[in-house]
Amino acid sequence: MAIEKFQKLLSTAVPLPIENVDTDQIIPARFLKATTREGFGENLFRDWKFDKAGNPREDFVLNNDKYHGSILVAGKNFGSGSSREHAAWAIYDYGFRAVVSSFFADIFKNNSLNNGLLPVQVTDSFLAGLFKEIEGDPNTRIEINLIEQVIRIPAKDISEKFDINPYKKECLLNGYTDIDYLISIMDRIEEFERNRT
Amino acid sequence: MAGKTLFDKVWDAHVVQEIPKGPGVVYIDKHLIHEVTSPQAFAGLDARGLKVFRPRNTVATVDHNVPTVNQELSIKDELSRFQVNKLSENCRNHGVDLYGLNHPYQGIVHVIGPELGITQPGMTIVCGDSHTSTHGAFGSVAFGIGTSEVEMVLATQCILQPKPKKMRINIEGKLHKGVRAKDIILYIISRISTSGGTGYFIEYAGSAIRSLSMEGRMTICNMSIESGARGGLIAPDEVTYDYLRGREFAPSGTDFDKAVEQWEALKNDPDAVFDKELHFAAEDIRPMITYGTNPGMGTMIRGSIPGEEELEIESINSFRKSMQYMDFRPGAKIEGTPVDYVFVGSCTNGRIEDLREFANFVKGKKRASNITAWIVPGSKQVEKQALEEGLDKVLEAAGFELRQPGCSACLAMNDDKIPEGKLAVSTSNRNFEGRQGPGSRTMLVSPLTAAAVAVTGKVTDPSEMI
Ligand code: SF4
């Protein structure tokens with residue numbers, strides 16, 4: 001499966017200033033019974049979004065019309081816990097293309113990159129600044145430029161560089177996936193197997 | 001050049017190729033799969049018209065979705081049944097061995113790998129499940145992966161991974177009475193937080209770790225992921241070899257002795273360097289319990305929930321949310337809190353030693369009337385052994401019942417859901433909001449503490465009762 005190319009994104013953002021958001025919150029286990037990758041967006045943050053009677057919880061940000069856009073800005077240590085890739089699928093399926101936080105859990109980060117969802121790791125102070133700007137004006141537009149590895153608020157001239165593995169950057173810019181690469185080196189893998197025994 | 005750590009030795013021996021400025025191509029010896037994170041991977045393979053590259057290196061079982069009563073009957077829940085059947089179909093089409101429902105080897109992936117001798121020192125092991133770290137207890141490099149990576153391993157027996165940094169956590173000294181492996185790992189996570197291990201592979205070392213059984217070591221490595229670490233491992237020794245000898249898929253006869261010779265090399269070079277090293281004293285550890293909604297929010301059972309003044313400012317939002325969810329007050333004492341449910345099981349504490357511990361404790365006592373208890377063996381083999389040892393009779397006499405193997409209330413994908421608002425004491429590994437069922441409240445403990453709670457009906461330090 002190829003992934004969508006990611007080069008530059010300009011969008012408003014949805015703020016979720018909570019730390020340690022685990023993948024059980026992103027997509028609760030009872031929604032993992034599907035056998036395809038589609039449709040998880042509907043249940044993104046299900047138990048934060050709806051109460052037990054199925055009514056929307058007014059105080060949850062995804063139920064607040066003020067906020068929208070394809071960037072999710074979240075508190076520190078986002079995506080911890082279960083390795084379920086369904087979390088990345090749900091965020092992507094909902095319409096987000098990038099998640100900004102000051103710290104990501106490893107497996108979540110890998111899973112996101114494998115699905116064309118860009119995790120942008122910023123400093124704590126930059127993150128605090130982003131929350132302030134977005135909450136001050138929900139129409140604040142944020143630009144994420146993968147080519148230059150820069151995240152900025154154009155209207156305010158606030159910006160920061162972010163890191164990404166050069167290989168992963170290539171993959172995202174071009175829509176390549178790891179599996180294509182691995183399949184292209186099958187001869188090398190078989191040679192490795194022969195040399196081991 | 002500095003010497004190699006145990007982790008380096010295993011990792012480096014499996015690197016097929018390095019991508020300049022990129023991750024390494026890592027060869028995987030054993031791949032474990034289950035019904036929840038594999039269907040999309042097989043679908044991807046089928047879409048490319050590929051077959052599983054090395055079907056012998058993949059082993060499948062069903063665990064997450066299965067009922068823990070009446071397993072002989074067909075699964076009632078339609079979606080669960082479909083997912084379980086899908087795995088059978090995929091395994092059949094691709095020639096992968098499946099230990100399905102009612103097979104004598106069925107069980108939680110991380111319980112069956114070790115008990116069948118599939119897990120061995122020096123191997124690379126992956127599974128689409130974060131608690132794959134469990135297998136590190138044997139001195140293997142084992143870690144959880146996502147479904148896209150499951151597809152890669154099925155197709156090529158390799159994945160692309162940046163090499164993690166290395167941390168060593170040393171626990172020296174003698175453990176207090178009533179302190180178990182679970183308490184050690186809950187203690188570590190409470191000290192380093194749920195992100196303290198991110199980016200690292202952790203080696204656990206020191207006399208307190210050496211003194212643990214294989215079951216205890218697995219409990220420690222299992223919860224490495226709860227500190228954010230990719231995995232954890234412990235150097236193999238006599239305890240490891242004794243555990244493996246005679247297991248179904250372990251080498252046998254002279255092959256076993258030859259294997260041990262190789263496994264003996266799996267230790268740190270004297271001049272090996274770690275990126276980070278931490279030391280804890282075994283004497284400082286007491287029976288532990290979590291009070292919040294992530295595994296780092298833990299304290300001594302005899303202790304109290306921290307007050308807000310003890311926290312860092314940025315953590316206040318999460319802490320308050322957590323207190324509200326748990327219906328606990330900052331600064332409150334924990335011991336004596338009335339409990340509704342006790343869950344014993346999971347890949348953290350669903351092994352025979354855990355069931356024995358629970359049974360021994362409740363022997364001759366009675367279940368507290370306010371407690372509903374679910375005792376769930378981690379596998380068919382564990383269940384069989386428990387029956388052979390008569391643990392089911394001991395449990396029954398004390399008012400408990402042994403269920404059938406699976407993940408059960410650890411993640412509540414089957415019917416074993418803790419009802420909304422109820423407080424559960426659980427031997428599993430995650431206390432996230434709703435983890436054990438929507439609205440459920442979880443406190444993580446050792447099987448020994450779970451037993452004490454099951455007979456007293458409230459949060460209890462087991463130390464004085466043994
Ligand atoms: S027992 Fe719990 S943690 Fe372990 S594999 Fe099953 S669901 Fe995951």
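Here is how names work: the chains are called A, B, and so on, in the same order as the sequence lines, proteins then strands, and each is numbered from 1. Predicted, not measured: the structure shown is a model, and the values here were computed from it.
- The backbone N or O of B:E433 lies less than 3.5 Å from a partner atom in the side chain of A:Q25, making a donor-acceptor pair.
- Put simply, CD on B:Q157 and CZ on A:F192 are 11.0 Å apart, with the number rounded to the nearest 0.5 Å.
- A donor-acceptor distance shorter than 3.5 angstrom exists from the side chain of A:K33 to the backbone of B:M413, with no hydrogens or angles considered.
- Neither the backbone nor the side chain of A:E170 has a heavy atom closer than 4.5 Å to any heavy atom of chain B.
- Heavy atoms of A:S82 lying under 4.5 Å from chain B belong to its backbone as well as its side chain.
- Both the backbone and the side chain of A:E19 come within less than 4.5 Å of a heavy atom of chain B.
- Nearest heavy-atom pair across A:S83 and B:S130 is OG-N, 3.1 Å.
- Under the 3.5 Å distance criterion, the side-chain polar atoms of A:R188 are matched with a main-chain donor or acceptor of B:V16.
- Residue B:R435 comes nearest to A:D24 through the heavy atom pair NH1-OD1, 2.9 Å, listed as atom of the first residue, atom of the second, then distance.
- In this structure, the side chain of A:D106 engages the main chain of B:G199 through a donor-acceptor pair within 3.5 Å.
- Nearest heavy atoms, A:A34 versus B:P39: O-CG, 4.3 Å.
- Salt-bridge check for A:R37 with B:E151: passed, with a basic side-chain N closer than 4.0 Å to an acidic carboxylate O.
- Closest heavy-atom contact between B:G22 and A:N165: CA-OD1, 3.7 Å.
- For A:D178, the parts lying near chain B are the backbone and the side chain together; criterion is any non-hydrogen pair under 4.5 Å.
- Of all non-hydrogen atoms in B:S195 and A:F103, the two that sit nearest each other are CB-CE2, 3.7 Å.
- When all heavy atoms of B:Q83 and A:L32 are compared, the closest pair comes out as NE2-O, 2.9 Å.
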